[in-house]
Amino acid sequence: MRILTRQLTQHVGQKVSVSGWLHKKRLMGGLTFIVIRDRSGVAQALIKDKAEVEKLRGLQVGTVLQIEGVVAEDSRAPGGVEIHEVGLKIEVPVEMEPPIEIDKPLSHESDNLDTLFEYRVVGLRSPREQAVFKVQAEIGEAVRQYFRRSDFTEIRTPKLLAAATEGGAEVFKIDYFGKEATLAQSPQFYKQMMVGIFERVFEIAPVYRAEPSATTRHMTEYISADGEMGFINIEDLKKFLSGLLNAVADDLWEYCPGQLNEWGATKPVLPKEIPSLSMAEIHQKYTEATGENTVGEKDLRPEEERFICEYAAKNLGSEAVFVTDWPADEMKFYHKAQDGRTEFADRIDLLFRGVEIATGSMREHRYDVVMKQLQSMVGADPEDPGFKYFLLAMQAGMPPHGGFGMGLERLTQKMLGLSNVKEASLFPRDINRLAP
RNA sequence: GGGCUCGUAGUGAAGUUGGCCUAUCACGCCUCCCUGUCACGGAGGAGAUCGCCGGUUCGAAUCCGGUCGGGCCCGCCA
């Protein structure tokens with residue numbers, strides 16, 4: 001019966017069988033050490049029998065094999081146990097020399113990312129690479145649990161859409177049986193429509209952006225964690241996001257200490273309520289600090305995002321910060337302007353460790369107003385199938401509501417301290433990579 | 001889309017004000033030695049027409065032009 005490598009300590013003195021991949025071999029004359037990898041980790045086996053060692057001749061790392069032997073405690077063995085009196089059974093011999101070495105850290109230098117992604121199917125076998133995605137899986141789990149604890153219903157919305165979309169980012173156009181369709185750049189309209197049904201909904205799913213961006217923080221396909229809820233205001237949204245980010249960090253450092261340590265990650269300093277700074281304040285502080293005048297600009301420069309995160313870490317005891325008071329003339333048609341301060345959108349961006357990881361806003365829930373905004377801001381036809389059903393949902397009765405979208409890979413990147421968001425994607429898609 | 005920058009064995013790097021390059025090193029790979037390795041160690045070996053095309057020159061990895069492929073920043077965004 002097969003056991004996992006992590007279970008060896010429970011079987012000292014017993015004969016066991018483990019299965020996995022050859023991860024490393026060290027031939028030392030009369031002694032041969034091999035390391036076997038399975039889903040639970042790695043373990044060492046000590047082989048003395050020359051005939052057993054000969055079975056490995058010509059076989060490379062990656063060879064699938066089964067090891068039978070007796071578990072022995074030995075302080076010289078990694079982890080204190082190893083397998084002795086080994087009998088090997090080669091399940092799948094691998095003679096191909098791996099294009100990259102997975103038993104030591106892979107280079108994540110920006111110049112070498114192309115190699116990293118080109119050989120991704122092999123490189124991900126490295127325990128250190130796996131750690132990134134174990135962490136990402138845990139983040140997804142923590143996010144899901146937080147939503148569910150907060151009484152959200154998980155939804156699945158279509159990614160194939162009729163042509164019209166929310167505007168802003170470019171969309172991918174595809175041929176749909178002779179008609180033009182687009183790939184969803186966000187679940188925006190659907191999650192809002194679903195507020196009229198479940199009140200609180202969330203989705204964790206891929207979205208597509210046809211932006212020709214070539215930066216360390218953009219991909220053309222990424223996973224968005226979207227939430228939307230009714231009967232709230234912008235302060236409720238901030239509280240929710242503060243709690244969410246804290247919950248993710250707490251969960252991660254409780255359940256993934258090994259993986260986080262692999263990347264030298266440090267737990268983010270986050271107060272219970274993440275502090276807010278208005279865009280005007282940030283421009284002001286940046287201008288004072290650098291002499292570079294950004295006062296009056298309608299967006300934050302990436303340099304300002306990094307600056308204000310450092311400022312918040314140093315002065316506000318928080319590695320995350322909300323940016324508030326975005327100019328209303330830049331807002332999207334479904335956004336809501338602030339009550340009594342109509343020159344500002346009721347919008348927040350969540351900056352974490354120098355990048356924007358989430359954008360949230362209150363939505364315009366009044367049918368006649370959102371209709372007017374659609375026409376004046378987008379110049380769109382309300383009968384267009386891309387907008388028609390969204391408008392119907394508003395007309396059918398929508399409470400004040402708001403929500404946000406958060407980039408899962410960006411969050412993973414920043415939790416681990418990776419320099420490029422693509423490192424936090426199994427198979428990143430960008431302007432010039434569609435495979436593997 | 002704009003700016004800057006890079007391309008040398010399977011991988012990572014050195015060499016790039018032209019000649020001493022018949023291209024150096026490390027990891028990996030092959031053969032042999034090695035009974036406690038864990039980035040094992042030791043001896044030997046194979047592997048690169050220096051991204052591609054053209055040009056300048058007695059001579060090009062090195063200079064020039066083109067081309068293909070990357071990267072970083074900006075714009076835009078999560």
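Just the heavy atoms: all of them, side chains too, but no hydrogens, waters or symmetry mates, feed the values below. Letters A, B, ... mirror the listed sequences (proteins, then strands); counts begin at 1.
In this structure, A:Asp111 atom CG and B:C72 atom P are separated by 8 Å, rounded to whole Å. Rounded to whole Å, the distance from CG on A:Leu350 to C1' on B:C77 is 15 Å. Rounded to whole Å, atom P of B:C34 lies 17 Å from atom CD1 of A:Ile47. Between the C1' atom of B:A78 and the CD atom of A:Glu170 lies a distance of 17 Å, rounded to the nearest Å. Rounded to an integer number of Å, the gap from A:Ile100 CD1 to B:G12 P is 9 Å.
Nucleic acid contact class of A:Thr32 (heavy atoms, under 4.0 Å, all strands): none. In this structure, A:Asn420 reaches the sugar-phosphate backbone alone: every heavy-atom distance under 4.0 Å involves primed, P, OP1 or OP2 atoms, never a base. Among the heavy atoms of the strands, none lies under 4.0 Å from A:Arg347. Residue contacts shown for A:Glu82 include a base, since a base heavy atom lies under 4.0 Å away. Looking at heavy-atom distances under 4.0 Å, A:Met406 makes no contact with the nucleic acid at all. Nucleic acid contact class of A:Ser110 (heavy atoms, under 4.0 Å, all strands): sugar-phosphate only. A:Glu95 comes within 4.0 angstrom of no nucleic acid atom, judged by non-hydrogen atoms across all strands. Within the 4.0 angstrom heavy-atom criterion, no nucleotide atom of any strand lies near A:Asp349. Within 4.0 Å of A:Leu27, counting heavy atoms only, lies at least one base atom of the nucleic acid. When heavy atoms are screened at a 4.0 angstrom cut-off, A:Ala77 is found touching base atoms of the nucleic acid.
Listed pair A:Arg26 / B:C40 meets the phosphate criterion, a side-chain N or O lying under 4.0 Å from OP1 or OP2. Side-chain nitrogen and oxygen atoms of A:Gln60 include at least one within less than 4.0 Å of the OP1 or OP2 phosphate oxygen of B:C30. At least one side-chain nitrogen or oxygen of A:Asn432 sits closer than 4.0 Å to the OP1 or OP2 atom of B:G70. Taking side-chain N and O atoms only, A:Lys25 has no distance below 4.0 Å to OP1 or OP2 of B:C38.
Taking the side chain of A:Pro212 as heavy atoms from C-beta on, and the options B:C74, B:U37, B:G1, the nearest nucleotide is B:G1. Distances from the side chain of A:Leu113 to the nucleotides B:C72, B:G12, B:C74 place B:C72 closest. Side-chain atoms of A:Glu97 lie closest to B:C29 of the nucleotides B:C76, B:C29, B:A78. Closest approach to the A:His218 side chain among B:G36, B:G28, B:A78 is made by B:A78 (side chain taken as heavy atoms from C-beta onward). For A:Glu101, counting side-chain heavy atoms from C-beta on, the closest listed nucleotide (B:C40, B:C76, B:G10) is B:G10. Comparing atom distances between the A:Lys104 side chain and each of B:C76, B:C27, B:C40 picks out B:C27 as nearest. Considering only the side chain of A:Leu31, B:U35 comes nearest among B:C76, B:A78, B:U35.
Note that CG of A:Leu161 is 4.5 Å distant from OG1 of A:Thr182, once rounded to the nearest 0.5 Å.
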#### Entry: Trace of the ring pair (Phe, Tyr, Trp, His ring centres under 6.0 Å) decision for A:Phe202 with A:Tyr146
CA-CA 11 Å; A:Phe202 77 99; A:Tyr146 188 79; over 10 Å; no
### Task
Assess whether side-chain contact (heavy atoms from CB on, under 4.5 Å) is satisfied between A:Phe352 and A:Val321, documenting all intermediate values.
CA-CA 7 Å; A:Phe352 177 49; A:Val321 61; over 6 Å; no
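Look at A:Tyr222 and the base of B:A78; the rings stack, centres closer than 5.5 Å and planes less than 30° apart.
Interface remark: the A:Glu109 side chain does not form any donor-acceptor pair with the B:G71 base, using a distance-only criterion of under 3.5 Å. Side-chain atoms of A:Ser213 and base atoms of B:C76 include a donor and an acceptor less than 3.5 Å apart. Remark: the A:Arg57 side chain and the B:C30 base include no donor-acceptor N/O pair separated by less than 3.5 Å. No hydrogens or angles were tested; on distance alone, nothing pairs the side chain of A:Glu118 with the base of B:G70 as donor and acceptor under 3.5 Å.
The nucleotide B:G7 finds its pairing partner in B:C68, both defining distances of the Watson-Crick or G-U wobble pair being shorter than 3.5 Å.
Side chains of A:Lys159 and A:Tyr208: a donor-acceptor N/O pair is absent below 3.5 angstrom, by distance only. Looking only at atom types and distance, the side chain of A:Asp226 has no donor-acceptor partner in the side chain of A:Gln188 under 3.5 Å away. Side chains of A:Arg148 and A:Ser150: a donor-acceptor N/O pair is absent below 3.5 angstrom, by distance only.
Nearest-nucleotide mapping onto RNA chain B: of A:Asp74 and A:Ser107, the residue sitting toward the 5' end is A:Ser107.
Comment: A:Asp329 engages A:Lys298 in a salt bridge, judged by a side-chain N to carboxylate O separation of less than 4.0 angstrom.
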